[in-house]
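Since the structure is predicted, the reported quantities are computational estimates derived from the model, not experimental observations. Reminder, nothing fancy here: chain letters follow the sequence lines and each chain counts from 1. All values below come from the heavy atoms of this structure, side chains included, with hydrogens, waters and symmetry mates left out.
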Number of protein chains: 2
Amino acid sequence: MNLKQLSETLGLSQTTVSRALNGYPEVAEATRRKVLEAAQAHNYRPNARAKSLATGRSMAIGHVIPVSAKHEMVNPIFADFVAGAGEAYLQHGFDMVLSLVPDDGEEAAYRELAAKRSVDGIIVHGPRTDDERIAMLRDIGLPFVVHGRMSRHADDYDWVDVNNLRAFYRATEFLLDLGHRRIALINGLVSMDFAARRLDGYTQALATRGIAPDPDLIRSDEMTEAYGYRSAGEMLDLADPPSAFLCSSIIAALGVRRAIEARGLAMARDVSIITHDDDLSYLSNRGEVPIFTATRSSVRDAGRLCAERVISLVQNPVQPAQQVLLEADLTVGQSTGPAPARTARDT
Amino acid sequence: MNLKQLSETLGLSQTTVSRALNGYPEVAEATRRKVLEAAQAHNYRPNARAKSLATGRSMAIGHVIPVSAKHEMVNPIFADFVAGAGEAYLQHGFDMVLSLVPDDGEEAAYRELAAKRSVDGIIVHGPRTDDERIAMLRDIGLPFVVHGRMSRHADDYDWVDVNNLRAFYRATEFLLDLGHRRIALINGLVSMDFAARRLDGYTQALATRGIAPDPDLIRSDEMTEAYGYRSAGEMLDLADPPSAFLCSSIIAALGVRRAIEARGLAMARDVSIITHDDDLSYLSNRGEVPIFTATRSSVRDAGRLCAERVISLVQNPVQPAQQVLLEADLTVGQSTGPAPARTARDT
DNA sequence: TTCATCGCCCAAAGCGCTTTGGTGAGATCC
DNA sequence: GGATCTCACCAAAGCGCTTTGGGCGATGAA
């Protein structure tokens with residue numbers, strides 16, 4: 001059933017039926033009611049392709065997700081982000097289009113997305129410190145919102161980010177206050193902007209106590225459980241092991257805990273962990289006393305905010321760029337404790 | 001730059017340009033080359049909306065994801081599924097459209113998706129035992145592939161599933177062979193088809209040894225870490241606690257392990273765990289000796305298979321229904337051991 | 001009575017592509 | 001040398017919707 005058929009059964013013109021359905025004022029109320037009833041009865045929905053061709057709007061937002069051997073954007077954190085964004089899309093009648101693209105073809109993918117006109121706006125994932133996408137994205141003329149930031153750029157674009165620097169500064173400070181001096185950082189890929197900021201926060205906090213960061217205690221990689229386990233294991237086996245770990249993700253933190261316990265050590269008592277917590281629905285770190293002491297910021301909320309922002313930009317493209325900086329809560333859990341007494345060798 | 005403009009700059013008709021770009025034979029090779037060059041130079045891409053209106057193909061596959069307070073399809077497992085499917089879509093030039101829909105509006109969502117004609121095919125997620133979607137999906141006439149099965153239905157539709165019954169039968173048998181008699185099942189939501197089959201496998205294996213399932217040792221819920229922790233904790237605190245756990249997801253298994261260790265017990269020595277392992281990229285259970293003994297089946301592969309199948313159906317809708325039943329490997333890890341000697345009370 | 005106004009509706013022109021049904025020029029055949 | 005093909009191209013008709021630019025009859029003011 002298409003518009004033509006519907007209008008024929010009603011004995012009205014396509015124009016009138018279209019206007020009735022879309023709530024235009026120049027159609028009599030009685031007529032509108034009849035049209036709506038008929039549409040309902042025949043289960044009529046406008047063909048989205050035709051509609052978007054006619055209106056120039058496709059009512060869809062694109063998410064470009066780079067895939068490569070070494071980096072996987074499609075991860076549990078992304079899942080929660082998508083869930084949050086999806087809620088916003090659902091509310092506003094937008095579809096969500098995910099395009100996985102090979103790492104090296106990213107620019108082409110954006111251009112293609114724009115040229116194909118299959119989406120009205122874009123959410124940019126995984127910004128890197130040296131990211132050059134801003135100029136290109138502006139060039140192609142689609143509204144976009146970045147989840148995260150691109151350090152090299154002035155704030156003349158829309159983004160939603162967590163205050164990663166402050167979160168990791170505070171977390172480090174928290175460990176320092178507990179007496180820890182050998183603090184390891186299990187970071188995400190440092191080419192990612194968020195990881196670079198976290199490293200900065202960590203380094204700056206150490207600096208306030210006159211501690212130079214020890215390269216042996218800093219790792220940077222894809223934040224899997226196995227990575228956490230491996231990194232923490234190697235560090236714990238050092239002659240001068242860390243007494244605390246600062247982790248970029250709860251998934252990696254699980255691995256760190258496993259490494260600690262595999263060595264017969266007790267979390268909090270022997271080795272402390274503090275992790276960033278994206279408040280994942282399937283790996284919740286809530287409860288009376290959370291498992292991990294953590295800097296918490298819901299990535300689901302971030303997803304929702306990004307989606308709402310891009311929808312707003314689609315509906316009204318001429319707006320000053322807006323930035324949202326989410327602060328992470330520092331919540332104390334069961335994974336931190338005072339630094340254990342140091343051995344003679346340490347002093 | 002659209003087709004009309006491109007053809008004007010070339011001094012050719014739209015027809016010829018279109019045919020040249022789409023590889024039709026009735027255009028001279030020299031002309032085709034010129035057209036391709038010009039398209040390249042002007043960065044021309046056909047407008048996807050217009051193209052799909054004209055062809056009737058939208059080159060997109062829809063994923064309908066029910067969301068509700070009690071059930072979250074957007075989870076880490078889903079993320080890996082999407083990653084697998086995305087690879088197939090990328091390869092074949094399809095887009096992936098995710099629609100989150102409220103639990104109660106699912107049927108309407110499918111109908112809408114079909115009526116709007118914004119996708120060429122559908123992947124059905126989270127089939128339930130009493131699922132009535134098959135008839136409706138067939139009714140709306142879009143090709144679809146189910147990830148999982150719907151028990152009530154004959155096999156006259158396309159699906160990709162894991163042999164859940166056999167996997168859990170074997171896993172239970174494995175524990176029984178180790179001498180375990182009190183075996184707990186931490187299952188997914190039993191309204192889900194996969195969970196019902198797993199329960200069957202577990203029950204049948206117990207039955208072969210004349211053991212009646214104990215309702216106190218069977219739980220069914222959303223497979224979060226917290227759920228695993230809570231359930232296992234409560235069971236371990238029973239007067240007659242289980243000596244082994246059978247888990248539906250590695251995420252829940254993490255919670256089970258936490259509960260075990262929180263009680264000062266040792267995994268494998270005191271309490272065994274065997275879990276289904278979806279081979280998630282961020283929670284890998286591989287390595288020399290895997291952490292968990294597990295029935296492993298890659299959900300990423302399942303995603304790829306579903307996507308490839310639906311693409312094949314889009315390209316050629318008249319095919320006999322095809323079913324893919326993946327067998328799970330039973331891999332032995334560090335989480336299982338012989339049942340500890342039983343106390344007097346147990347005998 | 002006449003003319004402007006208003007309320008309600010319509011025909012037709014796009015949106016940018018594919019595809020049908022040609023056409024004219026040159027090659028081929030008998 | 002005329003009929004027939006083939007080759008390479010084109011004009012125009014959709015695909016199903018929105019939107020522009022009226023039109024027509026009733027109403028109210030002059």
Side-chain angles (χ1 to χ4, degrees), chain A residues 1-36 38-39 42-60 93 95 112-120 141 315, chain B residues 1-36 38-39 42-60 93 95 112-120 141 315:
Chain A
M1 168 69 57
N2 59 25
L3 185 63
K4 191 174 172 190
Q5 291 161 12
L6 184 64
S7 60
E8 276 163 6
T9 68
L10 278 160
L12 288 167
S13 74
Q14 293 190 42
T15 310
T16 305
V17 176
S18 171
R19 306 207 118 136
L21 293 172
N22 291 311
Y24 282 75
E26 56 269 77
V27 47
E29 268 317 310
T31 314
R32 184 193 308 281
R33 212 173 34 247
K34 254 182 285 182
V35 170
L36 288 173
H42 295 86
N43 194 33
Y44 168 80
R45 313 273 166 171
N47 180 313
R49 307 190 278 226
K51 183 164 184 161
S52 70
L53 180 58
T55 57
R57 282 276 175 78
S58 46
M59 297 303 281
D95 281 332
E112 176 146 345
L113 215 51
K116 279 169 53 184
R117 317 248 89 188
S118 45
V119 299
D120 297 330
Q315 286 164 349
Chain B
M1 167 72 52
N2 60 24
L3 185 63
K4 191 173 173 190
Q5 292 162 12
L6 183 65
S7 60
E8 276 164 7
T9 67
L10 278 159
L12 288 166
S13 74
Q14 292 189 42
T15 309
T16 305
V17 176
S18 171
R19 306 208 116 136
L21 293 172
N22 291 312
Y24 282 74
E26 57 268 76
V27 47
E29 267 317 311
T31 314
R32 184 193 309 283
R33 211 172 34 248
K34 253 182 286 180
V35 170
L36 288 174
H42 295 87
N43 193 33
Y44 168 79
R45 313 274 167 173
N47 180 314
R49 306 190 279 225
K51 184 164 184 162
S52 70
L53 180 58
T55 58
R57 283 274 175 79
S58 45
M59 296 302 283
D95 281 332
E112 176 146 346
L113 214 51
K116 280 168 53 184
R117 316 247 91 189
S118 44
V119 300
D120 297 331
Q315 285 163 349

Check your understanding: Are any of the side-chain heavy atoms of B:Asn47 and B:Asn2 separated by less than 4.5 Å?
Key -> no
Revision key, fill the gap. Ranking B:Lys4 and A:Leu12 by the position along DNA chain C of their nearest nucleotide, the one closer to 5' is A:Leu12
**Study point:** Residue mapping more 5' on DNA chain D - nearest nucleotide basis, B:Gly11 or B:Thr55
**Key:** B:Gly11
Check your understanding: Is there a donor on the side chain of B:Thr15 or the base of D:dA11 sitting less than 3.5 Å from an acceptor on the other?
Key -> yes
**Study point:** Within 6.0 Å of CZ in A:Arg45, more than 12 heavy atoms from elsewhere
**Key:** yes
Exercise for review: Using a 4.0 Å heavy-atom cut-off across all strands, classify B:Thr31 as base, sugar-phosphate, or nothing.
Suggested key: sugar-phosphate
Check your understanding: With no hydrogens and no angle check, is any side-chain donor or acceptor of A:Ser58 less than 3.5 Å from a backbone partner on A:Ser118?
Key -> yes
Point to revise | From B:Ser18 atom OG to B:Leu6 atom CG, the distance as rounded to the nearest 0.5 Å | key: 10.5 Å
Review point. With a non-hydrogen cut-off below 4.0 angstrom, is B:Arg19 in contact with a base, only sugar-phosphate, or nothing?
Key: base
Exercise for review: Between B:Ala54 and B:Ser13, name the one whose nearest nucleotide on DNA chain D is closer to the 5' end.
Suggested key: B:Ser13
**Study point:** Within-4.5 Å side-chain heavy-atom neighbours: B:Leu21 and B:Pro46
**Key:** no
Review point. How many Å lie between CD on B:Glu29 and C1' on D:dC7, as a whole number?
Key: 13 Å
Check your understanding: Looking only at atom types and distance, does a side-chain atom of A:Arg49 sit under 3.5 Å from a main-chain N or O of B:Arg117, one as donor and one as acceptor?
Key -> yes
Study note, to complete from the structure: Outer limits of DNA chain C sitting under 4.0 Å from a non-hydrogen atom of chain B, read 5' to 3', are C:dG16 to C:dG21
Check your understanding: Base, sugar-phosphate, or nothing for A:Ser18, non-hydrogen atoms under 4.0 angstrom?
Key -> base
